[in-house]
Every structure is written in structure tokens, then in C-alpha cells.
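Heads up, the thing below is written out as C-alpha cells.
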2 protein chains.
Amino acid sequence: MDRELVFAALLRRLNTVSGLEDADIAALHELPIAIRHWEAGRAIVSDGERPTDSCLVIEGFCIRSKVIASGQRQILSIHIPGEIPDLQSLHLHRMDHDLITLTASTLGFISHASLRALTRAKPNITEVLWRDTLIDSAMFREWIVNVGQRPATGRLAHIVLELRRRLEVTGRPAGDNFEMPLTQEQIGEALGITPVHANRVIKQLREERIVDISRGRVTVLDEAKLGELAQFDDRYLHQNPSL
Amino acid sequence: MDRELVFAALLRRLNTVSGLEDADIAALHELPIAIRHWEAGRAIVSDGERPTDSCLVIEGFCIRSKVIASGQRQILSIHIPGEIPDLQSLHLHRMDHDLITLTASTLGFISHASLRALTRAKPNITEVLWRDTLIDSAMFREWIVNVGQRPATGRLAHIVLELRRRLEVTGRPAGDNFEMPLTQEQIGEALGITPVHANRVIKQLREERIVDISRGRVTVLDEAKLGELAQFDDRYLHQNPSL
DNA sequence: CAGGGTTCCCAACAAACGTTAAGGACGCGA
DNA sequence: TCGCGTCCTTAACGTTTGTTGGGAACCCTG
């Protein structure tokens with residue numbers, strides 16, 4: 001894995017979050033990043049742990065989730081290359097949820113020590129990273145709305161469109177057909193429904209020729225109907241730093 | 001309203017978030033805060049706006065919420081004195097949700113300009129404020145779990161216990177009887193259910209003598225059963241900065 | 001204290017979603 | 001290629017939640 005490619009992915013993401021000066025980019029470039037490979041379905045950090053690093057997703061998909069006492073799991077977010085899903089652990093020392101790979105992944109670990117040193121030295125970088133965690137927060141807000149207010153079909157449509165929108169910005173082609181490597185059980189955990197009902201909803205959207213979700217891929221069949229179902233408005237993603 | 005009291009409330013909250021040095025406290029003390037009174041049920045900032053200040057809740061209750069195209073509203077969080085509900089607008093310039101008073105409130109407005117100057121000068125304060133927004137994020141995660149995984153009775157129980165736990169830390173007595181000034185319609189909007197169903201659930205918990213919620217107040221009747229219903233674990237609130 | 005608005009309360013019925021159970025498709029390794 | 005495990009699929013039935021519509025209690029103001 002070429003270190004420059006890793007750096008480019010990080011930079012593209014952070015530049016999406018906000019503008020950076022040359023000196024800041026140079027400083028980011030000096031960050032030590034330990035690259036490691038992870039199998040699918042393995043915990044990167046678990047609830048209750050005190051991680052010493054935050055991790056950049058270089059390749060693959062990850063999710064964050066919480067398990068409640070009764071054993072049920074809620075998926076909180078889906079993460080794609082270029083994102084730093086557990087940046088929050090820099091200042092929230094004990095994990096309150098799990099971070100897990102969905103597919104085999106390449107991860108870049110950045111120590112909290114080096115991140116802290118960098119943010120102490122470079123206020124611009126602090127603001128960019130802070131802003132990144134605030135966007136994370138905005139996505140959680142929308143996820144609450146999704147689970148709380150939309151019917152199951154709308155929830156699924158919304159998650160599909162959010163993922164596509166975010167994939168687009170990373171420079172990956174995400175047209176009518178793209179990767180969403182969740183099993184139906186995991187889709188249920190993301191939407192707050194049972195796997196049986198997830199299957200019903202997927203089946204319905206397939207039969208109505210709105211969207212086809214199978215074998216970890218999404219095929220959009222009817223853009224207009226999908227948009228209507230999802231009521232998707234990407235403002236909450238704050239993808240344009242200048243506004 | 002005594003300026004020192006306002007400052008004390010802010011400090012208690014931030015000290016709960018993390019430790020501060022004397023120089024930092026002195027710098028915070030210099031922050032200009034414009035105190036204003038707000039009626040109940042009025043927007044402080046609305047979705048789409050670009051606020052120039054963040055606001056400290058001094059007295060009263062506020063909520064954050066989002067309205068979707070179909071007109072339904074989802075309440076995202078409840079805020080109590082000492083908190084800064086829209087700190088995120090410091091770096092997320094356009095609001096993606098509403099901030100509204102629940103009761104008549106006293107608010108302290110702090111300009112983004114002065115906050116930015118302060119965070120540029122004092123890395124400790126930056127970290128404390130950043131951490132505050134990260135706790136906000138952690139609470140959203142738990143809210144997702146609440147709405148996504150728990151049955152309606154459990155959701156209500158959880159919100160009640162969360163609010164009580166947070167009130168306790170502000171130094172307010174919040175024993176078996178405390179204020180929760182939400183109408184049943186608003187409780188429904190917080191839990192992702194209809195007002196009719198909210199009424200059913202409240203009635204059920206009252207009849208089972210677990211908790212009585214009426215006229216904006218909560219009376220805990222059976223601590224043990226309430227705790228079992230809510231499965232409340234306050235770790236996600238990150239109330240102890242040292243861990 | 002009269003009136004009007006808001007909030008609360010409830011019943012009957014409809015729709016969405018959960019539970020249980022079971023069979024089939026698919027992919028992977030022996 | 002067979003066997004095994006995971007994932008998908010479906011049906012029947014039960015429970016939770018939504019909808020509609022209405023009436024009672026409460027509160028504020030005139």
C-alpha cells in the first residue's frame with residue numbers, strides 16, 4: 001500500500017471538510033500512520049476499551065454499533081474509505097460503542113499522541129478535525145430522524161441514498177450500481193427492524209422496481225421514486241466547506 | 001441575572017467535561033456573554049440559518065429537533081441549564097436542525113468571533129469545548145439506540161433516567177420528583193411514536209406504578225422496575241473526565 | 001366566571017412490524 | 001463434488017403501533 005495514496009485519501013476527505021493551507025498539509029504529511037489489514041467482521045475497537053490510536057479507513061467498509069443488554073444490536077453509521085470513524089476517541093477516552101469491519105479492510109492507525117501534538121501546534125488542523133467530528137454528529141442526528149420518523153421503506157431508501165452521496169465525494173464512481181456490503185440482518189440492525197421485516201422491505205422495493213439490493217450491491221432502478229421515498233436532502237452532510 | 005452565576009453554571013458544566021487550569025478559567029471569564037430572555041416554544045435558531053453566536057442555557061429547558069418533508073418532527077435532544085446546545089454551529093456554519101425553547105428561558109449568547117479567538121489562544125479550552133461536542137455526539141448515538149431498539153415503554157423510561165442523571169450533575173436536586181416539561185405530543189416526538197401511543201405508554205407506566213409523568217413533572221414510583229425497563233447505563237454520558 | 005385554546009384521555013379499527021418456523025439458494029472448504 | 005454453514009426467502013400468526021374521531025380536564029385571558 002503506497003503511503004502517498006493513503007495520504008491522498010485522508011487529504012481529500014479533510015479538504016471536503018474544510019480548506020487547508022500548505023503548511024498544514026505539510027504537517028499532516030508528517031503524521032505517522034501504521035497501516036494494517038483487517039479481516040471482515042472483526043472488531044477494530046470495542047465498547048469499553050480505551051484506544052490509543054484513531055483509525056483511518058483506507059480500503060473497505062466499517063460500521064459503528066451498540067449492543068444493549070437484551071442482546072439486540074443497533075448500527076449507528078457506515079464508514080467508507082477516507083473517513084476516521086473513531087476520531088472521537090481522541091478526547092472521549094473510553095469507547096461507548098463498537099467499531100467493526102464489514103469487509104476485509106486496510107486501516108491506517110494514527111496515535112492519539114501524534115494527533116494531539118499536531119492539534120496543539122496547528123489550530124487550522126484542529127478546526128478541520130473538530131469539524132469532521134461535528135459532521136459525524138450531524139449524521140447521527142439524521143440517523144435518529146430516519147429511525148424515528150420514516151417507515152421502513154423510507155429508512156432503507158434514505159440509507160441507500162446517503163451512502164451513494166458519500167461515495168460520490170470520495171471520487172469513486174457510484175452511479176446506479178454500487179457496493180453496500182450489508183447482510184439483510186445488518187440492514188435490519190441499521191434500520192431498527194427485524195431481519196424478517198428487512199427482507200420484506202427489500203423484496204417490496206425490488207418488486208416495485210425502485211431499487212434492487214442483493215449480494216451486497218445496490219442497483220437503483222427508479223431514481224425518482226427512490227428519492228420520494230427517502231426524502232433525502234444532503235444538507236446535513238455539510239459536504240461543501242464554503243457552504 | 002448575576003453574571004457570576006452565569007459564569008459559574010458554564011464552568012460547572014465544562015469542569016464536568018474536563019479539567020481546566022487557572023489561566024483557562026480566567027480566559028473563559030473574559031468571554032462576553034449577552035444575556036437574553038426567551039419565551040416558551042420559540043425558536044432560538046432554525047434549520048437553514050447561519051448563526052453568529054452559540055448560546056448557553058442559563059435557565060429553562062430547550063430541545064433540538066428536525067422536521068421532515070411530510071411535516072413530522074423528531075426531537076433529538078433535551079437541554080438543561082449549563083449546556084451549550086448549538087456549540088456545533090461554531091464550525092458547522094449552516095444549521096441542519098432547530099433549537100427551540102421548551103419553557104421560558106434565560107440564554108447567554110457568545111459570539112463565534114470571541115469563541116474562535118479564545119480557542120485559537122487556549123488549546124486547553126479548545127479541547128474542553130471539542131470534548132463537549134463529542135459528548136453531544138455520544139448522546140445522539142444512545143438516542144439512536146433508544147429509538148431503534150427499545151419498545152416504547154423502555155424508550156420513555158430511558159429518557160426519564162437520562163434526564164435525571166444529567167440534572168443531578170448540575171447540582172440540582174433531582175430525586176424521585178423532577179421537572180420534564182414536555183407535552184405528551186413532544187414525548188411522542190422524542191420517542192418516535194404518535195401522541196396517542198405516547199399517552200398509552202404513559203398511562204401504562206402510571207398504572208403499573210413505575211413512573212408518573214404529568215403536567216411536566218416526573219415522579220419515580222418504582223426505581224427498580226424503571227431501571228429494568230430502561231436498561232440505562234450512564235457510561236455514554238462521559239460525566240467523569242478522568243474516566 | 002365565561003369562553004376558547006391547549007392538553008390529556010380513550011375507544012375502535014387498521015396497518016406496520018415482530019415471532020416462529022422452515023425450506024431453499026449460495027458459497028466455501030474438504 | 002459433497003457437505004456444511006451462512007444468508008436469503010416465505011408463510012402464518014401475534015403484538016405493537018398508527019389512525020380517526022371524539023370527549024373531558026385544564027389553563028389562560030377577557
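The sequence lines fix the lettering, A, B, ..., with proteins before strands; numbering per chain opens at 1. Because the structure is a prediction, the values reported are computed rather than measured.
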Notebook entry, point to check: Among all residues two or more places apart in sequence or in another chain, which pass the side-chain contact (heavy atoms from CB on, under 4.5 Å) test with A:Asp53?
Noted result: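 Listed in chain order: A:Phe109, A:Ser111.
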Notebook entry, point to check: Sequence neighbours excluded, which residues qualify as side-chain contact (heavy atoms from CB on, under 4.5 Å) partners of A:Thr52?
Noted result: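 Testing A:Thr52 for side-chain contact (heavy atoms from CB on, under 4.5 Å), a comparison that skips the adjacent residues, returns none.
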Margin query: Categorize A:Gly188 for me: base, sugar-phosphate, or nothing, with a 4.0 angstrom heavy-atom threshold over every strand shown.
Written below: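 It contacts nothing in the nucleic acid.
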Check: So what does B:Thr194 touch, heavy atoms closer than 4.0 Å: a base, only the sugar-phosphate, or nothing?
Finding: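 Answer is base: heavy atoms of B:Thr194 come under 4.0 Å of a base.
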Item checked: Partner residues of B:Phe7 under the ring pair (Phe, Tyr, Trp, His ring centres under 6.0 Å) criterion, sequence neighbours left out ->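 Expected list: B:His29.
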Notebook entry, point to check: Which is it for A:Arg165 and A:Leu237 under the side-chain contact (heavy atoms from CB on, under 4.5 Å) test, yes or no, and what are the steps along the way?
Noted result: CA-CA 9 Å; A:Arg165 188 79 193 84; A:Leu237 291 175; 3.8 Å; yes
Check: In terms of side-chain geometry, is the basic nitrogen of A:Lys225 or A:Glu228 positioned less than 4.0 Å from the acidic oxygen of its partner?
Finding: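 Answer for the salt bridge query: no.
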Next item on the list: Would you mind checking if B:Arg73 and B:Asp98 are paired as a salt bridge, meaning a charged N to carboxylate O distance below 4.0 Å?
Entry: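 No, this pair does not count.
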Next item on the list: If a pair satisfies ring-ring contact (aromatic ring centres under 6.0 Å, His included) and one of its residues is in residues 198-232 of chain A, list it, with sequence neighbours excluded.
Entry: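 Checked against ring-ring contact (aromatic ring centres under 6.0 Å, His included) - neighbours excluded - the pairs reaching residues 198-232 of chain A are A:His158-A:Phe232.
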Check: What residue pairs, at least two apart or across chains, pass ring-ring contact (aromatic ring centres under 6.0 Å, His included) with a residue in residues 175-224 of chain A?
Finding: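 The answer is none; no pair qualifies.
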Note to self: Near DNA chain D, counting only heavy atoms under 4.0 Å, which residues of residues 195-211 of chain B show up?
What the structure shows: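 The answer is B:Val196, B:His197, B:Arg200.
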Next item on the list: Mind running a 4.0 Å heavy-atom check of residues 60-68 of chain B against DNA chain D and sending the residues that fall below it, in number order?
Entry: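 Result for residues 60-68 of chain B: none.
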Notebook entry, point to check: Residues two or more places apart in sequence or in another chain: which of them pass salt bridge (Lys or Arg N to Asp or Glu O under 4.0 Å) with A:Glu162?
Noted result: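 By the salt bridge (Lys or Arg N to Asp or Glu O under 4.0 Å) rule, A:Glu162 matches A:Arg166.
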Note to self: So for atom CZ, which belongs to A:Arg42, do other residues, nucleotides or ligands contribute more than 12 heavy atoms lying within a distance under 6.0 Å?
What the structure shows: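 Not more than 12 within 6.0 Å, no.
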Check: Taking 5' to 3' order, which nucleotide of DNA chain D is first and which is last to have an atom within less than 4.0 Å of a heavy atom in chain B?
Finding: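 The contact span of chain B on DNA chain D goes from D:dT17 to D:dT20.
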Item checked: 5′-ward residue of the pair B:Pro151/A:Gly216 relative to DNA chain D ->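 Looking at DNA chain D, the more 5' nearest nucleotide goes with A:Gly216.
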Check: Which atom names give the shortest non-hydrogen contact between A:Pro195 and A:Glu185, and what distance separates them?
Finding: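 Smallest interatomic distance, heavy atoms only, reads CB-CA, 4.0 Å.
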Next item on the list: Specify the closest pair of heavy atoms between A:Val211 and A:Val218, including all atoms of both residues, with the distance to one decimal.
Entry: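 In this case the closest contact between A:Val211 and A:Val218 is CG2-CG1, 3.6 Å.
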Note to self: Angle between the end axes of the helix from C:dC1-D:dG30 to C:dA30-D:dT1, five pairs per end, to the nearest 10 degrees?
What the structure shows: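 Nearest ten degrees gives 40° for this helix.
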Item checked: chain B footprint on DNA chain C, 5' to 3' - any atom under 4.0 Å from a heavy atom ->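 Footprint of chain B along DNA chain C, 5' to 3': C:dT7 to C:dA12.
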Checklist line | Pair listing, salt bridge (Lys or Arg N to Asp or Glu O under 4.0 Å) test, anchored in residues 191-212 of chain A, at least two apart | finding: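 The answer is A:Arg206-A:Asp212.
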Note to self: Under the criterion salt bridge (Lys or Arg N to Asp or Glu O under 4.0 Å), I'd like the reasoning laid out for A:Asp233 against B:Lys66: C-alpha separation, chi angles, the key distance, then a yes or no.
What the structure shows: CA-CA 12 Å; A:Asp233 175 350; B:Lys66 277 186 102 147; over 6 Å; no
Check: Is B:Ser137 close to A:Thr133 at the side-chain level, that is, under 4.5 Å between some pair of heavy atoms?
Finding: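 Counting from C-beta outward, A:Thr133 and B:Ser137 never come under 4.5 Å.
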